[in-house]
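Throughout, protein chains are lettered first and strands after them, A, B, ... in sequence-line order, and every chain is numbered starting at 1. Predicted, not measured: the structure shown is a model, and the values here were computed from it.
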Amino acid sequence: MVKRYWLFKSEPETFSIQHLMIMANQVSPWDGVRNFQARNFLRDDVKLGDGVFFYHSSTKETGIVGICEVVRAGYPDRTAFDPSSPYFDMRSTAEKPLWYCVDVKFVRKFSRVILLSELKQHLPTATMMVCRRGMRLSIQPVTADEWQAALKLAGK
DNA sequence: GCCAACGTTGGC
DNA sequence: GCCAACGTTGGC
C-alpha cells in the first residue's frame with residue numbers, strides 16, 4: 001500500500017495546529033467537513049499512515065504550518081449527530097451517516113509558515129491544488145513530488 | 001471589508 | 001434536469 005499525501009485546511013481560529021498539539025496524545029478527529037467532495041476523500045481515500053499538511057486558511061499568514069499523520073481512516077463524523085454542535089446535520093443518522101472524519105496525530109510544526117505565496121512561486125509546489133484560484137476544497141490530495149518540494153521549502 | 005469563485009438549494 | 005438565487009469560502 002502506497003503512502004498518500006494530503007493537505008487539510010482549517011481556519012486557525014476554529015482549529016489550529018496549536019490546538020492539535022495540546023490534545024491528548026496529540027490526536028484529534030478532523031471533523032466538521034461538510035462538502036461532498038471532501039467527504040468522499042475522507043470516507044474512501046484517506047488511509048491510515050497517510051501524510052497530511054496542516055494548512056491555516058483565512059488568517060494573516062495563510063499557508064502550511066506543519067505535518068500530521070492519519071491514525072484512523074474514515075468513520076462517521078459524530079458532530080453531525082449532535083444537535084448542540086455547529087456541525088449538526090439532521091440528515092445524517094447512525095444507520096446512514098452522511099458525513100465522515102478521520103483522526104490525525106501531530107507530527108511536526110514547521111519553524112515558520114510556508115506561505116501560499118511561496119508555494120505559488122516555486123514550480124514543484126505551484127501545481128498544488130491549494131494554489132489554484134478559487135479552490136475551496138478543504139481536503140486536497142498532494143502528490144509525492146509536491147510533498148517533497150514543500151518540505152524542502154520548510155527547511156529554508 | 002470586498003468580491004471572485006464555487007457548492008448547494010429549490011422552483012419550475 | 002436546468003439554472004437562478006443564495007450562502008460560503010477564502011485570498012487579498
Side-chain angles (χ1 to χ4, degrees), chain A residues 4-21 23 28-46 50-68 70 73-104 106-143 145-156:
Chain A
R4 292 217 253 177
Y5 300 99
W6 305 92
L7 180 145
F8 288 6
K9 282 196 278 193
S10 180
E11 299 188 12
E13 278 190 32
T14 307
F15 188 75
S16 70
I17 196 163
Q18 287 84 2
H19 287 119
L20 179 59
M21 289 168 73
M23 301 285 289
S28 171
W30 197 278
D31 53 19
V33 172
R34 295 295 178 266
N35 166 280
F36 288 103
Q37 199 182 346
R39 188 278 313 266
N40 293 346
F41 280 135
L42 290 178
R43 188 189 57 192
D44 306 330
D45 300 312
V46 179
D50 282 359
V52 175
F53 279 143
F54 199 126
Y55 182 91
H56 283 178
S57 66
S58 294
T59 186
K60 202 169 179 187
E61 291 195 313
T62 62
I64 302 170
V65 293
I67 298 172
C68 45
V70 178
Y75 67 99
D77 180 349
R78 302 209 320 248
T79 64
F81 307 142
D82 177 5
S84 69
S85 167
Y87 305 116
F88 176 66
D89 186 339
M90 59 184 295
R91 297 175 298 174
S92 188
T93 64
E95 295 74 33
K96 279 192 128 186
L98 185 59
W99 302 115
Y100 282 74
C101 63
V102 299
D103 285 354
V104 295
F106 173 79
V107 173
R108 170 153 94 87
K109 182 175 177 292
F110 296 148
S111 53
R112 63 183 194 88
V113 181
I114 312 175
L115 298 171
L116 177 60
S117 55
E118 289 178 74
L119 294 173
K120 287 179 174 174
Q121 277 164 28
H122 298 81
L123 224 201
T125 51
T127 59
M128 293 175 75
M129 285 182 84
V130 73
C131 295
R132 296 222 281 266
R133 182 177 151 77
M135 172 47 65
R136 303 189 309 179
L137 192 61
S138 66
I139 304 292
Q140 302 178 0
V142 170
T143 68
D145 283 351
E146 291 164 349
W147 179 271
Q148 294 303 334
L151 273 187
K152 246 181 167 177
L153 286 179
K156 281 188 183 167

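Axis orientation changes by 10° from one end of the helix from B:dG1-C:dC12 to B:dC12-C:dG1 to the other, with each end axis drawn from 5 pairs and the value rounded to 10°.
Of all nucleotides in DNA chain B, those with any atom nearer than 4.0 Å to a heavy atom of chain A start and finish, going 5' to 3', at B:dA4 to B:dT9.
Ring to ring, A:Y75 and A:W99 are not that close: their centroids are 6.0 angstrom or more apart.
The aromatic rings of A:F54 and A:H56 lie perpendicular to each other, with more than 60° between the two planes, well past the 30° mark. Using cut-offs of 30° and 60° on the angle between ring planes, the pair A:F53 and A:W147 is parallel.
Here the shortest heavy-atom pairing between A:V46 and A:F8 reads CG1-CZ, 4.2 Å. The two residues A:K120 and A:C131 have their closest heavy-atom pair at CE-O, 3.5 Å.
Under a 3.5 Å cut-off, the side chain of A:T125 and the backbone N or O of A:A149 do not form any donor-acceptor pair. Distance alone, capped at 3.5 Å, is enough to place a donor-acceptor pair between the A:T127 side chain and the A:P124 backbone.
Nucleic acid contact for A:K60: none, since no nucleic acid atom lies under 4.0 Å from a heavy atom of the residue. Across all strands, A:S58 comes closer than 4.0 Å to base atoms (heavy-atom distances). Residue A:R91 is classed as a sugar-phosphate contact, given heavy-atom separations below 4.0 Å to backbone atoms only.
Side-chain atoms of A:T143 and A:D145 include no donor-acceptor pair closer than 3.5 Å.
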